[in-house]
Protein chains: 2
Amino acid sequence: MTAPQFTRGPAMRDVASAAGVSAQTVSRVLNEHPNVQESTRRRVLAAVEELGYRRNNTARALVTGQSKTIGVLTLATNNYSRSSLALGVELGAREAGYTVNSVTSSLSAQALTDAVSRLVHQGVDGIIIAAPLQEAAEQVSKITSRIPTVNTDGSSSMGDRMVGVDQDIAAVLATKHLLDLGHKTVWHVAGPVEWSDAASRLGSWRRTLQEAGCEVPPELHGDWSPESGYRNGLILGRMPEVTAILVASDEMAFGVIRALTELGRRIPEDISVVGIDDIDLAAFSNPPLTTIRQSFEDTGRRAVQRLVAQIANPALENTPDLVAPTLIVRGSTAPPPADN
Amino acid sequence: MTAPQFTRGPAMRDVASAAGVSAQTVSRVLNEHPNVQESTRRRVLAAVEELGYRRNNTARALVTGQSKTIGVLTLATNNYSRSSLALGVELGAREAGYTVNSVTSSLSAQALTDAVSRLVHQGVDGIIIAAPLQEAAEQVSKITSRIPTVNTDGSSSMGDRMVGVDQDIAAVLATKHLLDLGHKTVWHVAGPVEWSDAASRLGSWRRTLQEAGCEVPPELHGDWSPESGYRNGLILGRMPEVTAILVASDEMAFGVIRALTELGRRIPEDISVVGIDDIDLAAFSNPPLTTIRQSFEDTGRRAVQRLVAQIANPALENTPDLVAPTLIVRGSTAPPPADN
DNA sequence: GGACATTCTGTTATGGATAACAAATACTGT
DNA sequence: ACAGTATTTGTTATCCATAACAGAATGTCC
């Protein structure tokens with residue numbers, strides 16, 4: 001039962017014989033080696049054109065050991081940060097002449113390890129990890145020790161192979177903004193603690209309050225989803241003393257705002273809400289969301305640049321590459337109610 | 001100062017000699033060929049384990065002609081449909097034992113052609129195109145004629161290699177919902193006409209109005225972005241006769257709603273708005289958005305399944321695989337104002 | 001017991017490109 | 001003019017796994 005095959009195109013040797021040269025010479029022309037006579041170069045290129053020849057990257061990868069492909073590991077959830085980072089990686093890769101191989105994983109150590117292993121196995125030249133590794137960290141770094149790796153979720157175990165946005169500053173900016181407006185303290189809907197992004201936002205929020213001499217309320221936890229924000233909003237909205245909330249992601253902030261609105265709390269008159277991420281929709285929520293802008297797309301790009309540099313020179317020294325986020329003030333924040 | 005090399009792992013022959021067999025036998029064990037003695041099988045597996053051997057997929061791809069990789073082409077924009085479709089493709093691919101190679105492109109014919117060509121030369125076994133091809137269609141199908149391809153943006157030129165959600169039904173459902181509520185007619189903020197999704201929604205909206213004997217107002221156009229929705233909302237909100245708007249995507253609908261709100265129009269009391277997509281945030285907007293649910297993730301999965309079937313059997317007949325969307329009624333729609 | 005099928009394993013050729021080496025030609029300086 | 005260097009091109013080996021073929025060992029049937 002031979003399935004009808006999609007025929008392969010011409011190979012280098014076909015071009016070679018068409019141009020009356022050796023395959024090696026064709027290879028040299030295609031790789032722009034200097035020592036090729038102009039006349040033969042033209043002859044080869046003409047043959048390439050005529051036969052519609054395209055170099056087979058698989059064969060090339062086999063012999064050179066470089067696939068010109070980078071692997072990206074993300075979690076199998078569809079949130080803004082994931083998708084815009086992925087986009088940034090793809091754009092960055094294209095600019096650098098690389099192709100992207102993406103795999104998703106669940107949060108379990110086994111799944112994460114498998115996913116990375118799948119990438120390595122697939123022959124990628126380097127890996128970008130955009131997921132919290134957790135207990136999988138040790139296993140994973142065993143696999144990635146042989147291959148350049150960049151991490152965008154500053155899991156401690158990845159040491160300094162880290163590219164991203166400074167999460168400490170993000171939460172500090174947001175918290176200070178609310179305190180500056182006159183709020184006595186700021187409540188916090190945190191992300192999943194497994195994510196180091198969420199963890200450091202939580203830490204900086206707490207530290208900022210302490211340094212300002214404010215009471216530190218107990219934090220609530222969500223899972224990045226709007227639903228989880230909604231649930232937490234239903235709780236916070238029932239507490240009269242809550243006047244300011246820092247939500248660890250814009251998507252959760254949408255849920256929080258919805259819940260507060262349903263409970264009859266006005267935003268920002270009764271309660272101020274700040275998100276983090278500045279997703280595309282943040283400017284168009286009702287009210288528009290004050291948030292912390294951090295470009296995931298840019299992070300993806302920088303991660304690729306770092307990775308490519310590391311592929312070119314594995315001895316390259318690794319230093320964390322963190323970018324500062326900025327505060328975007330919109331309509332969801334205001335001074336606390338007067339009678340408070 | 002020796003640069004730390006990223007060494008290659010052991011090869012099949014290393015395993016072979018460790019187990020005291022030939023490389024071919026190792027290959028047979030790994031591919032689960034039936035005719036291998038249980039004792040040697042165990043010996044080989046032990047050697048594999050001991051050396052930490054992982055089969056080199058590049059070499060495998062070269063000789064078998066199958067890379068177990070599928071390519072995905074998307075546009076370089078970060079919207080909900082793109083990212084959830086990509087997620088679905090990745091999940092589907094993993095289930096099918098495939099890996100995903102993604103490339104992004106701009107809308108120009110040249111860029112699209114290049115992108116597809118990049119995928120083919122990367123050695124993918126099949127391609128999923130999730131972008132409008134337009135004038136690039138002919139060029140692209142020249143390239144893809146040698147390789148299984150599935151399209152999720154029903155560009156006519158791709159004939160029947162089409163998987164997705166029935167866009168005609170989507171717009172019909174939405175328009176009828178508004179008419180059923182008692183609106184005299186429905187205005188429409190359409191997507192970019194290059195997208196066949198947008199085009200068919202536009203067509204069905206118009207047809208539905210005509211069949212219902214309603215006046216067909218001129219349509220407005222956006223580019224899928226919330227900003228473009230906002231701009232169109234500023235226009236529509238100024239026209240007193242507008243009581244119902246069908247927006248071609250939820251993301252644009254957010255912008256429309258924001259603009260209407262700024263103009264002092266209440267939703268749904270003054271104006272009803274329906275979106276399309278049912279993005280995660282739709283349930284949490286203010287007011288919650290009535291919309292048409294269509295699972296892009298599911299579309300991605302189905303596209304992969306179709307593609308894999310086609311890879312296994314290129315002679316497979318292609319029939320469009322369309323799924324019906326459903327109407328999700330939330331708070332952004334209501335009967336028209338009484339005095340209207 | 002001999003012809004023949006079955007099971008297991010090894011050998012050789014192959015896929016398409018490139019690195020390393022080798023050879024032929026052209027060019028330099030003395 | 002001749003050794004010595006540069007330039008251009010070709011040959012051969014290699015990357016790693018698998019397909020196709022072949023040989024050895026065991027089992028079966030009359």
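Proteins get letters first, then strands, A, B, ... in listed order; numbering begins at 1 in each. Everything quoted here is computed from the prediction, not taken from an experiment.
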Checklist entry - Roughly, in whole Å, what's the span from CZ in B:Arg55 to C1' in D:dC15? => result 17 Å

Checklist entry - In whole angstroms, how far is the P atom of D:dA17 from the CD atom of B:Gln66? => result 18 Å

Checklist entry - For B:Ser27 and D:dT18, is the shortest distance between a side-chain N/O and OP1 or OP2 below 4.0 Å? => result yes

Checklist entry - OP1 or OP2 of C:dG10 sitting under 4.0 Å from any side-chain N/O of B:Thr25? => result yes

Next on the checklist: Please check: side-chain N/O of B:Thr64 versus main-chain N/O of B:Gln66, any donor-acceptor pairing under 3.5 Å?
Outcome noted: yes

Checklist outcome for this item: Rounded to whole Å, CG of B:Asn57 lies from C1' of C:dG15 at a distance of 15 Å

Checklist entry - Tell me, which of residues 28-46 of chain B have any heavy atom that sits under 4.0 Å from an atom in DNA chain C? => result B:Arg28, B:Asn35, B:Val36, B:Gln37, B:Thr40

Next on the checklist: In whole Å, I'd like the distance from the CD atom of B:Gln24 to the C1' atom of C:dT9.
Outcome noted: 9 Å

Item to check | Gap between atoms CE and C1', on B:Met12 and D:dA19 respectively (whole Å) | outcome: 13 Å

Item to check | Pair A:Arg28-A:Asn35, side-chain contact (heavy atoms from CB on, under 4.5 Å): steps then yes or no | outcome: CA-CA 8 Å; A:Arg28 280 191 270 251; A:Asn35 298 334; over 6 Å; no

Checklist entry - Counting any heavy atom closer than 4.0 Å, what does B:Val21 reach on the DNA or RNA strands: base, sugar-phosphate only, or nothing? => result sugar-phosphate

Checklist entry - On DNA chain C, nearest-nucleotide positions of B:Ser22 versus B:Ala59: which is more 5'? => result B:Ser22

Item to check | Exam field: side chain A:Arg94 to backbone B:Val103, donor-acceptor pair closer than 3.5 Å | outcome: no

Checklist entry - Hey, does the side chain of A:Arg302 reach the backbone of A:Val163 with a donor-acceptor pair shorter than 3.5 angstrom? => result no

Next on the checklist: Quick check against the 3.5 Å criterion: does B:Ser67 have a side-chain atom that pairs as donor or acceptor with the backbone of B:Gly123?
Outcome noted: yes

Checklist entry - Does D:dC16 have OP1 or OP2 sitting under 4.0 Å from an N or O in the side chain of B:Tyr53? => result no

Item to check | Interatomic distance where CG belongs to B:Asn56 and C1' belongs to D:dC16 [whole Å] | outcome: 6 Å

Checklist entry - Rounded to the Å, how far apart are A:Leu62 CG and D:dC16 P? => result 7 Å

Item to check | Step-by-step salt bridge (Lys or Arg N to Asp or Glu O under 4.0 Å) determination, B:Glu90 to A:Arg82 | outcome: CA-CA 13 Å; B:Glu90 261 151 43; A:Arg82 179 197 107 92; 3.7 Å; yes

Next on the checklist: I'd like to know if the side chain of B:Ser141 and the backbone of B:Gln139 have a donor-acceptor N/O pair within less than 3.5 Å.
Outcome noted: no

Item to check | B:Arg13 CZ to D:dA17 C1', straight-line distance once rounded to whole Å | outcome: 11 Å

